[in-house]
Q: 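Have a look at this one.
Computed over heavy atoms, backbone and side chain alike; hydrogens, waters and symmetry mates excluded. Naming convention: chains lettered A, B, ... in sequence-line order (proteins, then strands); numbering from 1 in each chain. Bear in mind the structure is a predicted one, so any value in this text is a computation, not a measurement.
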Amino acid sequence: MTPFLTLLSKELLRFWKVAFQTVAAPVLTALLYLVIFAQALEAHVQVYPGIGYTVFLIPGLVMMSVLQNAFANSSSSLIQSKVTGNIVFVLLPPISYVEFFSAYVIASIVRGLSVGIGVLAVTWWFVDLPVKQPLWALSFAILGAGLLGTLGLIAGIWADKFDQLAAFQNFIIMPLTFLSGVFYSMQTLPSFWQTLSHFNPFFYMIDGFRYGFFGVSDVPVLHSLSVVAGALIVLCLFTLRLLSTGYKLRY
Amino acid sequence: MPPALRIEHVSKRFGGLQALDDVSLEIAEGEIFGLLGPNGAGKTTLISIIAGLARADTGSVSILGADVVRDYRVARRRLGVVPQELVFDPFFTVREALRFQSGYFGLGENAAWIDEIMHHLDLTSKADVNMRALSGGMKRRVLVAQALVHKPPVIVLDEPTAGVDVALRQGLWAFVQRLNRDGHTIVLTTHYLEEAEMLCARIAMLKSGRVVALDSTKNLLARFSGLTLRLGVAGGEPPDFGTIQCVSQPGGRLELQLDSHAQIEPVLARLREAGVQLREFEVSPPDLEQVFLRLTGHQA
Ligand SMILES: Nc1ncnc2c1ncn2[C@@H]1O[C@H](COP(=O)(O)OP(=O)(O)O)[C@@H](O)[C@H]1O
Ligand SMILES: [Mg+2]
């Protein structure tokens with residue numbers, strides 16, 4: 001076993017051992033959103049012509065679950081290790097910072113996708129969802145999960161306590177996800193909010209992911225892809241830099 | 001041959017606090033070396049720098065010639081660290097914890113060695129028990145096992161016997177001595193001076209981040225400490241013993257600090273002259289406790 005594969009399998013086993021909380025619970029949460037919003041809005045809202053609100057909502061909810069769980073995985077793993085002190089087990093061995101980074105982010109992607117697939121699988125029972133461009137959907141899911149896994153890594157490195165992590169989640173991650181167009185299309189917003197949304201990278205992840213299902217989107221899909229990929233690269237470089245200096249991990 | 005551990009002019013500040021101040025030490029292969037000092041002396045900080053958990057502001061550390069910063073992969077493979085804090089990962093069993101630790105060092109199939117370590121540390125019956133369910137002493141043993149999975153030539157134990165019961169302490173030291181006989185270099189910190197005295201051939205004492213003594217245990221004992229003579233007396237005021245320091249305690253107890261055995265007879269003679277009867281008599285050989293006290297001005 002290489003150090004990298006060991007750390008990756010440890011991170012995977014960590015959430016898989018408690019899959020009830022880390023996968024099943026978020027799937028249930030997403031379904032509750034779906035039931036409530038679809039119930040309330042199905043008759044009133046039609047975003048794209050010929051697409052019912054429930055069908056419109058599902059990809060957004062799936063992506064939201066992917067993103068939130070990717071973030072939760074790396075951030076909670078790191079903060080737990082830091083608070084309990086068992087982070088030394090991965091700091092003592094000859095694990096390079098690139099290996100460290102990759103293991104945490106890939107595990108986050110796997111967790112995010114597992115939850116996403118769970119939500120999709122369950123909703124498929126009830127709703128007939130088109131999948132026009134599955135590869136686009138998959139690409140956005142992986143890139144988005146990678147981006148949030150990286151953000152989770154940053155948050156986990158930065159936070160010293162659980163409440164600091166909660167603040168990061170409540171004041172940055174949640175607003176960005178809820179204002180990203182999970183529940184509505186940008187086109188239905190007043191122009192001020194439309195403009196603002198274009199500065200939210202989460203918007204492009206949701207929009208691009210949705211394109212994978214309906215073949216239509218608010219902005220051209222290549223545009224979304226370049227924004228998401230660009231943001232991911234910038235964050236990766238930033239995080240690798242943090243790790244290489246040992247920021248908050250090695251004192 | 002480079003030494004097992006070479007520490008050269010290492011300094012480290014935390015804000016306004018000088019945690020380590022120009023520390024230099026060399027530890028040869030095959031030694032059991034004791035790092036002693038009161039709380040806050042900088043022992044854990046020094047170990048953290050050796051392990052790469054912390055970085056020195058200035059100075060350098062190398063393990064068997066491998067610099068812990070520049071050549072960190074090689075250096076870390078040569079080092080096993082038992083941390084001071086009783087840390088564990090609550091998600092895993094003992095065997096899983098050891099397997100992961102082994103994999104982090106790039107080792108593939110290592111089950112036989114893991115079983116052997118568990119056997120020596122009496123962990124076999126707990127192999128598939130979750131870490132959370134173990135007592136403090138058991139968790140400490142797992143920490144020792146985790147430090148050994150990659151068969152490191154140099155092993156550092158940071159107060160491994162703090163808060164551990166007597167039986168485990170003895171078992172642990174027997175195991176450490178065995179590792180040493182098998183060729184491992186051992187560095188340990190402890191609060192129990194008698195342990196350091198019994199185990200370590202050489203000792204460094206730290207105080208406020210500085211090395212205040214670095215010598216063989218034998219030399220330190222000979223250089224710094226004399227005998228303690230404890231007497232129980234009755235019938236009369238104890239006389240003046242001149243230059244010999246004497247503390248009298250209630251119940252007719254006297255404690256005298258002597259430089260050598262030759263002073264015992266004159267002390268007894270003074271007591272006879274003063275008409276004082278001798279009830280109890282005890283001579284304690286030099287011990288590290290006194291060396292420690294004199295050098296650091298702290299109770300251990
Ligand atoms: N991460 C840290 N930040 C600030 N101060 C620290 C840190 N680690 C240790 N210290 C301080 O450095 C000094 C040395 O601590 P330490 O190395 O733990 O001593 P010892 O292990 O000998 O008891 C103490 O005063 C301690 O409070
Ligand atoms: Mg300490």
Side-chain angles (χ1 to χ4, degrees), chain A residues 1-23 72-74 76-104 107 111 156-157 162 242-251, chain B residues 12-14 19 45 47-57 66 68-69 71-93 96-110 130-132 139 142-143 146-147 149-150 152 156 158:
Chain A
M1 279 296 249
T2 66
F4 163 72
L5 284 177
T6 309
L7 186 54
L8 176 61
S9 61
K10 179 258 195 181
E11 279 300 296
L12 292 175
L13 193 61
R14 196 194 71 89
F15 83 77
W16 200 247
K17 275 199 168 191
V18 284
F20 199 70
Q21 296 161 46
T22 54
V23 180
N73 204 64
S74 51
S76 64
S77 175
L78 255 184
I79 190 90
Q80 276 175 16
S81 290
K82 275 170 55 176
V83 169
T84 60
N86 65 41
I87 187 93
V88 295
F89 298 145
V90 293
L91 293 179
L92 289 172
I95 299 175
S96 73
Y97 65 91
V98 178
E99 292 173 315
F100 186 93
F101 171 84
S102 317
Y104 275 89
R111 157 100 173 262
I157 292 170
F162 286 103
L242 280 189
L243 288 170
S244 73
T245 60
Y247 175 75
K248 289 244 186 167
L249 292 178
R250 299 183 196 271
Y251 56 95
Chain B
K12 176 84 180 171
R13 289 185 80 84
F14 293 116
T45 304
I47 289 173
S48 300
I49 290 172
I50 295 168
L53 298 174
R55 289 192 186 156
D57 297 335
V68 298
V69 179
D71 211 0
Y72 75 96
R73 278 180 184 265
V74 178
R76 287 188 203 163
R77 260 186 223 115
R78 293 176 178 169
L79 182 70
V81 178
V82 182
Q84 179 178 346
E85 303 296 332
L86 209 53
V87 295
F88 62 97
D89 194 328
F91 281 92
F92 301 118
T93 65
E96 283 169 339
L98 294 176
R99 269 216 296 258
F100 283 129
Q101 210 59 29
S102 165
Y104 294 153
F105 283 90
L107 302 172
E109 181 48 45
N110 199 16
N130 187 284
M131 287 299 303
R132 258 180 306 205
K139 286 186 183 124
V142 177
L143 280 179
Q146 278 175 288
V149 283
H150 56 297
V156 179
D158 196 356

Q: Is there a side-chain contact between B:Q146 and A:L92 in this structure, where contact means two heavy atoms from C-beta onward sitting under 4.5 Å apart?
A: no
Q: Working to the nearest 0.5 Å, report the span between CG of A:L91 and CG of B:L53.
A: 6.0 Å
Q: Around atom OH of B:Y72, are there more than 12 heavy atoms of other residues, nucleotides or ligands at under 6.0 Å?
A: yes
Q: So do B:E85 and A:V88 actually touch side chain to side chain, heavy atoms under 4.5 Å?
A: no
Q: If we only count heavy atoms from C-beta on, is the A:K10 to B:F91 side-chain gap below 4.5 Å?
A: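 Not touching, per the 4.5 Å side-chain cut-off.
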Q: How long is the straight-line distance from CZ of B:F100 back to CZ of A:R14, given to the nearest 0.5 Å?
A: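 The CZ atom of A:R14 sits 11.5 Å away from the CZ atom of B:F100.
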Q: Looking at every heavy atom in both B:G106 and A:P3, which two are closest together, and how far apart are they?
A: CA-CD, 3.8 Å
Q: At a 4.5 Å cut-off on heavy atoms, which part of B:L143 comes close to chain A: side chain, backbone, both, or neither?
A: side chain
Q: Let me know if B:F14 has heavy atoms under 4.5 Å from chain A in its side chain, its backbone, both or neither.
A: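 For B:F14, the side chain is the part near chain A, not the backbone.
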Q: Quick check: closest heavy atoms across A:T245 and B:R55, and the distance to 0.1 Å?
A: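 Closest approach of A:T245 to B:R55, heavy atoms only: O-NH1, 3.6 Å.
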Q: So do the side chains of A:R250 and B:S48 get within less than 4.5 Å of each other, counting heavy atoms only?
A: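 No - every pair of side-chain heavy atoms lies 4.5 Å or more apart.
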Q: Below 4.5 Å from any heavy atom of chain B, which atoms of A:S81 appear? Answer side chain, backbone, both or neither.
A: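 Contact with chain B is absent: no heavy atom of A:S81 under 4.5 Å.
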Q: How many angstroms lie between OH in B:Y104 and OG1 in A:T2, if you round to the nearest 0.5 Å?
A: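 Between B:Y104 OH and A:T2 OG1, I get 11.5 Å after rounding to 0.5 Å.
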Q: Return the minimal non-hydrogen interatomic distance between B:R73 and A:P94, and the atom names on each side.
A: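 That closest heavy-atom pairing would be NH1-O, 3.3 Å.
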Q: What's the spacing between A:N86 CG and B:L86 CG if we round to 0.5 Å?
A: 12.0 Å
